[in-house]
Amino acid sequence: MFNQNGLSLDQAPPISVVFRFFLSGSLFGLLAGVLVLLFGTEIFNADTPQALILTHTLTLGAMLSFMFGALFQMLPVIAGVKLTAPTKKAALVQYPFVLGVVLLLSAFETGKAPLFISASVLLGGTILGIAAVMLKNLLALPNHSNSSRGMTVALVSLTLLTLLALYMTGTLSGLWSGAGYSEVKTAHYSFGLFGWIALLIISISFQVIEMFYVTPAYPNFISKSLPMRLFGLLLLGSIGAFFFAQSWFFVDIAIVIFLLCYALMTLRRLSQRKRPIADATVWLWRTGMVLLTLSASATLTTRFYPVASLQAINYIFFAGFALSIVFAMFYKIVPFLTWFHLNAQGYFTAPMMHEVIHPKTAMKHLYIHLATLAAFLVSIYYAPAIYLAGSLLILSFGWMLWQIIHAWELYIHTQKTGEKFEMSMPEAEG
Amino acid sequence: MGISQFMTDEHRACDDHFAAAEQAAVNGDWETAEKEFLAFSNDTLTHFKREEDELFPAFETQTGNTQGPTQVMRYEHEQVKGLIGKLAEALEAQDRDAYLSLCESMMILLQQHNMKEEQMLYAMCERLLPPDLKEETLNKMKQVEL
Ligand SMILES: [Fe+2]
Ligand SMILES: [Fe+2]
């Protein structure tokens with residue numbers, strides 16, 4: 001899938017590789033909205049199958065799709081990693097991945113062993129496969145940036161959390177007895193939330209914030225050491241839990257303090273940026289960092305005063321944080337890729353980035369996103385608001401779906417009708 | 001100061017002019033925008049010339065590889081130059097929307113290019129070139145003019 005050759009010719013992978021993952025991410029996001037409408041406020045009770053199904057629709061179906069898409073876009077630049085024959089191979093991993101997610105969600109609903117087993121084979125194979133290929137190339141890098149080092153650690157976390165998940169699905173399908181199930185479960189979601197989602201976002205931000213918004217560099221204690229420390233803490237908590245019941249108590253406190261430092265520092269860097277435009281992506285980053293700050297504070301509070309509603313609120317804060325950054329990346333990547341490929345193919349009529357997705361269109365999504373979060377928060381205290389929240393979630397992902405389809409149509413239209421001059425350098429297939 | 005540090009500092013200095021020009025365009029101060037954009041494009045083109053005339057040939061001679069990374073970097077320079085031309089047109093026409101939209105593309109394109117150089121090409125030069133050649137190349141690069 002990848003081929004290491006020092007520097008890659010393409011600054012971007014074929015557009016369809018990234019778009020297809022964004023497309024499946026949006027579709028799972030839509031499904032999440034529908035599930036909220038079906039399940040109502042049951043989703044706030046972490047012990048219900050409904051909560052389990054919704055969480056995996058969002059994290060595995062939607063977020064992981066978007067994150068794979070974003071990694072396919074960023075790795076060639078960060079790691080000089082070049083995709084070889086990527087279009088076919090991307091399809092080859094995407095179909096089993098999507099099918100695997102659907103099977104897993106049905107397995108959670110029905111508890112049937114064959115569903116768990118087939119989901120495990122498909123998801124384990126595709127996720128571990130993608131992570132292994134990406135890791136192989138990242139580890140072969142002669143020089144690591146803070147960003148590529150962080151991504152490597154995040155991908156190791158993804159691998160670990162997937163292996164832990166396979167242990168759990170194996171238990172649920174009766175393949176083995178499942179000793180230490182609850183410790184494994186805690187390790188699984190801790191690596192998922194912090195080791196994978198938060199750490200990947202942190203690593204991406206080391207590059208995106210400094211370089212694209214032109215800000216001062218992150219201080220070394222964050223950019224150099226935070227990924228490894230976070231990972232070390234997660235290992236400590238996971239292994240410690242088998243010997244010492246309180247191990248996560250202390251580890252969680254240390255983790256959220258790191259996350260607080262990071263989020264506050266990022267907010268500060270965003271206010272120090274030299275590029276003036278406060279477009280939707282800047283506001284989405286800010287929203288994400290405020291939500292991460294709130295989530296970390298809520299986690300700290302619940303460690304000392306366990307309040308059920310605070311846990312539900314924290315769930316919304318953390319999901320809101322991750323989705324804000326996913327949206328922020330989306331609104332940079334989709335217009336850039338569309339413009340870049342058409343421009344590199346030599347079309348005079350290549351649309352500019354603002355013509356692919358207008359800044360006002362992205363701004364409207366920001367408002368929808370904020371309204372969605374507000375509706376979810378209200379629904380904790382006033383249950384009927386959950387239907388508004390679910391509908392807004394559908395609107396939110398529908399908005400993205402529309403942008404992807406629009407950008408794709410513009411891309412095809414320009415290729416069909418646009419005038420071009422021949423370039424001497426070959427351009428990868430679209 | 002080594003090659004890598006010197007060239008990385010130049011990347012950052014170009015960013016500063018670029019951001020100042022963008023800020024001025026947002027404010028509708030086209031005079032300042034023009035001044036800063038001119039500084040940006042002069043500095044960027046001089047920087048490219050330092051690379052293409054001195055650094056890349058030194059790398060190519062040392063490694064015997066003229067079709068590898070330096071070829072890619074040259075190609076990307078052409079892409080950036082194309083965008084500089086389009087930005088200049090938008091500036092001339094005082095077309096705020098077009099200018100800001102092109103700024104977005106430029107920023108991503110240029111930063112991705114700079115990142116590859118800083119993380120790979122410059123690092124490879126630091127490692128592969130013998131010390132005296134490094135010193136000589138750096139001195140020659142400093143003398144390059146547009
Ligand atoms: Fe260059
Ligand atoms: Fe350079």
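Atom set for the values below is all heavy atoms of this structure, side chains included, hydrogens, waters and symmetry mates excluded.
No other option in A:His144, A:Met353, A:Arg273 has as many heavy-atom pairs under 4.5 Å with chain B as A:Met353. Heavy-atom pairs under 4.5 Å with chain B were tallied for A:Gln207, A:Met352, A:Arg275; the largest tally goes to A:Arg275.
With a threshold of 4.5 angstrom between heavy atoms, B:Leu100 approaches chain A through its backbone and through its side chain. Heavy atoms of B:Ala20 lying under 4.5 Å from chain A are absent altogether.
Scanning for side chain to side chain donor-acceptor pair (under 3.5 Å) contacts around A:Lys364 gives an empty result, with sequence neighbours left out. In this structure, the side chain to side chain donor-acceptor pair (under 3.5 Å) partners of B:Gln111, at least two apart in sequence or on a different chain, are B:Asp15.
Tested against A:Pro227, the residues A:Ile222, A:Thr152, A:Leu199, A:Leu200 include a single side chain to side chain contact (heavy atoms under 4.5 Å, CB included) partner, A:Leu199.
Using cut-offs of 30° and 60° on the angle between ring planes, the pair A:Phe206 and A:Tyr262 is perpendicular.
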